[in-house]
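In what follows, a single structure is set out as structure tokens and then discussed.
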Amino acid sequence: MLVRVLENNGGMGKLQVNVVDENNAPVDDAEVTIRDAENQVIEQVATDSSGQTENVSLITPPMEYSLNENNDRMPYANYNVEINVGGVQIENVLNVEVLPGELAIQNVRITRRTEETITIEPHTLYADYPEKIPEEEIKDVQEPGDIVLSRVVIPEYVIVHNGAPTSNAKDYYVLYRDYIKNVASSEIYATWPEETIKANVLAIMSFTLNRVYTEWYRNQGYDFTITSSTAYDQKWIYGRNYFESISRVVDEIFNQYLSRPDVRQPLLTQYCDGKKITCPNWLSQWGSFSLGEQGKTALQILRNYYGRDIYINSAQQISGVPASWPGYDLNVGSRGQKVMQLQEQLDTIAKVYTAIPRIEADGIYGEKTKAAVSAFQKIFNLPVSGVADFATWYKVSQIYVGITRIGEGVDRG
């Protein structure tokens with residue numbers, strides 16, 4: 001229901017709000033009110049059986065604001081989202097970012113215990129944040145007593161300390177992919193070329209996996225994986241929305257990172273904006289935008305900054321998944337144990353996400369399985385092909401684990 005019409009002197013973006021409960025089950029018929037920065041009601045919508053609102057079109061600044069490093073005006077619009085369940089106000093999210101031409105996705109996990117208000121901090125390319133303190137890109141982990149993993153593993157969760165390492169800040173357990181999507185949406189603009197987004201996501205993931213692999217903060221006596229401080233790590237913002245274009249890139253390459261020859265650990269790929277702060281031999285975010293506009297690939301962009309001897313590596317182990325990727329797409333005509341595993345997980349998910357048709361786990365990928373995969377892809381913002389590719393396989397696994405794990409008792413960003 002459109003409540004208020006605004007004059008549009010800029011662009012248009014879209015916002016989808018997804019609401020789940022404490023057990024990660026979708027919340028049907030939650031009332032979502034969207035307000036502008038002056039707190040005027042723009043739209044009121046309700047979630048469907050998948051806990052999702054329709055994609056609401058919203059006014060944004062012009063596209064060129066996010067494509068010009070010399071622009072000083074805010075390139076995104078801020079909206080406030082209020083969620084009511086059963087007539088009770090449960091959640092407020094302030095300053096949700098909406099960019100022109102992009103779908104912003106605001107995930108909300110609610111509890112019945114207390115009302116929460118989340119205020120999203122400004123984007124790093126727009127506001128001023130502390131400059132990164134330089135570190136070596138490869139850590140010396142040979143000293144006695146150092147903890148280091150025996151191989152690179154994609155973690156199920158990272159524990160984010162929401163402040164500088166020594167601060168008395170709260171720690172959050174965040175799903176690895178959600179953490180990467182959050183940081184990328186906080187550090188770069190989703191309007192940028194896909195290869196630029198991919199290059200920056202690879203740098204963000206490699207940085208994160210270096211912290212995981214070297215147990216960097218645990219070796220210093222802390223109980224977290226990484227911080228949200230830009231002086232030490234990367235900008236993670238509690239409760240913020242992410243963007244569909246960034247989400248899709250992360251889902252497609254989330255097991256990758258950057259390496260150098262004969263070095264096992266992922267590179268600590270440091271970077272800066274390249275405008276307010278310059279950083280020779282580190283990735284420049286605005287510079288990577290320019291290279292993407294010139295048609296450079298993600299690897300070409302990364303080698304421009306980190307050197308020609310870096311390459312993209314893949315982790316062989318992904319934690320928290322019931323069954324690993326078979327190594328090829330599953331499609332109509334596919335048969336075997338991997339198909340059966342996919343069907344079993346999808347059918348379990350369909351008991352909660354009822355828009356997905358129920359299927360029998362017979363190990364044969366037929367039209368019914370294709371329809372279930374397509375419905376799943378539509379709900380979780382994946383390209384709708386009916387083919388169980390890498391991104392779909394691991395998204396199915398992630399959702400399956402989430403809804404079969406009741407009462408985890410962890411905070412999520």
Side-chain angles (χ1 to χ4, degrees), residues 1 14-35 39 41-56 58 78-98 103-121 156-157 159-160 162 170-179 181-182 185-186 228 236-244 247 348-356 379-381 395 398-413:
M1 176 180 66
K14 293 183 178 181
L15 172 64
Q16 179 187 69
V17 180
N18 302 332
V19 185
V20 299
D21 64 17
E22 292 173 296
N23 297 324
N24 298 306
V27 177
D28 188 7
D29 206 29
E31 183 182 277
V32 178
T33 302
I34 301 171
R35 303 174 185 269
N39 216 33
V41 174
I42 303 300
E43 191 127 9
Q44 290 180 325
V45 290
T47 57
D48 59 18
S49 62
S50 300
Q52 299 178 325
T53 67
E54 62 188 79
N55 294 347
V56 179
L58 296 169
N78 282 144
Y79 288 90
N80 301 330
V81 173
E82 176 186 305
I83 297 169
N84 290 264
V85 178
V88 178
Q89 185 171 305
I90 299 292
E91 192 92 1
N92 287 300
V93 185
L94 308 181
N95 299 335
V96 176
E97 295 176 9
V98 182
L103 174 61
I105 301 170
Q106 180 65 57
N107 290 331
V108 177
R109 188 170 185 251
I110 64 173
T111 71
R112 303 273 179 172
R113 294 191 296 271
T114 181
E115 178 186 340
E116 181 182 29
T117 297
I118 296 170
T119 302
I120 298 173
E121 297 175 69
E156 184 179 4
Y157 289 97
I159 305 172
V160 184
N162 197 20
K170 188 172 182 179
D171 294 343
Y172 293 90
Y173 285 73
V174 186
L175 288 166
Y176 174 74
R177 267 177 288 176
D178 289 349
Y179 169 80
K181 293 174 185 181
N182 183 307
S185 296
S186 303
S228 66
W236 175 84
I237 299 174
Y238 174 69
R240 73 152 297 133
N241 62 287
Y242 58 77
F243 296 92
E244 182 184 37
S247 177
T348 299
I349 294 168
K351 296 174 185 177
V352 178
Y353 286 87
T354 56
I356 301 172
I379 291 171
F380 293 101
N381 301 110
K395 178 62 75 170
Q398 176 187 333
I399 301 303
Y400 171 80
V401 169
I403 66 173
T404 54
R405 183 180 288 165
I406 304 300
E408 293 174 312
V410 297
D411 292 297
R412 298 169 189 268

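FYI, side chains are in, hydrogens and waters are out, and symmetry mates aren't considered; it's all heavy atoms of this structure.
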| task | Using the side-chain contact (heavy atoms from CB on, under 4.5 Å) rule, take V41 and I34 through it: C-alpha gap first, then chi angles, then the decisive distance, then the call. | result | CA-CA 6 Å; V41 174; I34 301 171; over 6 Å; no

| request: Test side-chain contact (heavy atoms from CB on, under 4.5 Å) on E82 and E91 and set out the steps. | output: CA-CA 6 Å; E82 176 186 305; E91 192 92 1; over 6 Å; no

| request: Report the C-alpha separation of Y179 and V160 in whole Å, then their side-chain angles, then the decisive distance to 0.1 Å, and conclude whether the side-chain contact (heavy atoms from CB on, under 4.5 Å) test is met. | output: CA-CA 9 Å; Y179 169 80; V160 184; 3.7 Å; yes

| query | Is there a side-chain contact (heavy atoms from CB on, under 4.5 Å) between V85 and I110 once you walk through the steps? | reply | CA-CA 9 Å; V85 178; I110 64 173; 3.6 Å; yes

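Rounded to the nearest 0.5 angstrom, N84 CG and I90 CD1 are separated by 7.5 Å. In this structure, Q52 CD and I379 CD1 are separated by 6.0 Å, a value rounded to the nearest 0.5 Å. Here the CD1-CZ distance, from I118 to R240, works out to 12.0 Å after rounding to the nearest 0.5 Å. Atom CG of residue L15 and atom CG of residue N55 lie 8.5 Å apart, to the nearest 0.5 angstrom. Distance check: I237 CD1 to T119 OG1 gives 11.5 Å after rounding to the nearest 0.5 Å. Separation of atoms OG1 (T404) and NZ (K351) is listed at 11.0 Å; rounding is to 0.5 Å.
For the residue pair E115 and N92, a side-chain donor N or O sits within less than 3.5 Å of a side-chain acceptor on the partner. Side-chain contact of S49 with D28: a donor-acceptor pair under 3.5 Å is absent, judged by distance alone.
Scanning all heavy atoms of the two residues, the minimum distance from Y400 to I349 falls at N-CD1, 3.8 Å. What you find for Y353 and I399 is that their closest heavy atoms are CE1-CG2, 4.2 Å. N80 and L94 get closest at one heavy-atom pair: OD1-CA, 3.3 Å. Scanning both residues, K181 and S247, for their nearest heavy atoms gives NZ-OG, 3.0 Å. Among all heavy-atom pairs drawn from G239 and I120, the shortest one is O-CD1, 4.0 Å. Between I83 and V17, the closest heavy-atom pair is CD1-CG1, 4.2 Å.
Within a 6.0 Å radius of NZ in K395, other residues, nucleotides and ligands contribute more than 12 heavy atoms.
No side-chain heavy atom of K14 sits less than 4.5 Å from a side-chain heavy atom of V56. Counting heavy atoms from C-beta outward, T47 and V32 have side chains that approach closer than 4.5 Å. Annotation: side chain of N18 is not in contact with side chain of Q106 (no heavy-atom distance under 4.5 Å). Side-chain contact between Y79 and I42 is present, with heavy atoms from C-beta onward closer than 4.5 Å.
Using a 30° and 60° split on the angle between ring planes, W236 and Y172 fall in the tilted class, from 30° to 60°.
Listed for the N23 side chain is no donor-acceptor partner under 3.5 Å among the backbone atoms of A25. Within the 3.5 Å criterion, the main-chain N or O of G402 finds a donor-acceptor partner in the side chain of N24.
Between Y242 and the choices N107, N182, D178, the side-chain hydrogen bond (donor to acceptor under 3.5 Å, both in side chains) rule is met once, by N107.
Look at R109 and E22 and you find no salt bridge, because none of the NZ, NE, NH1 or NH2 atoms lies under 4.0 Å from a carboxylate O.
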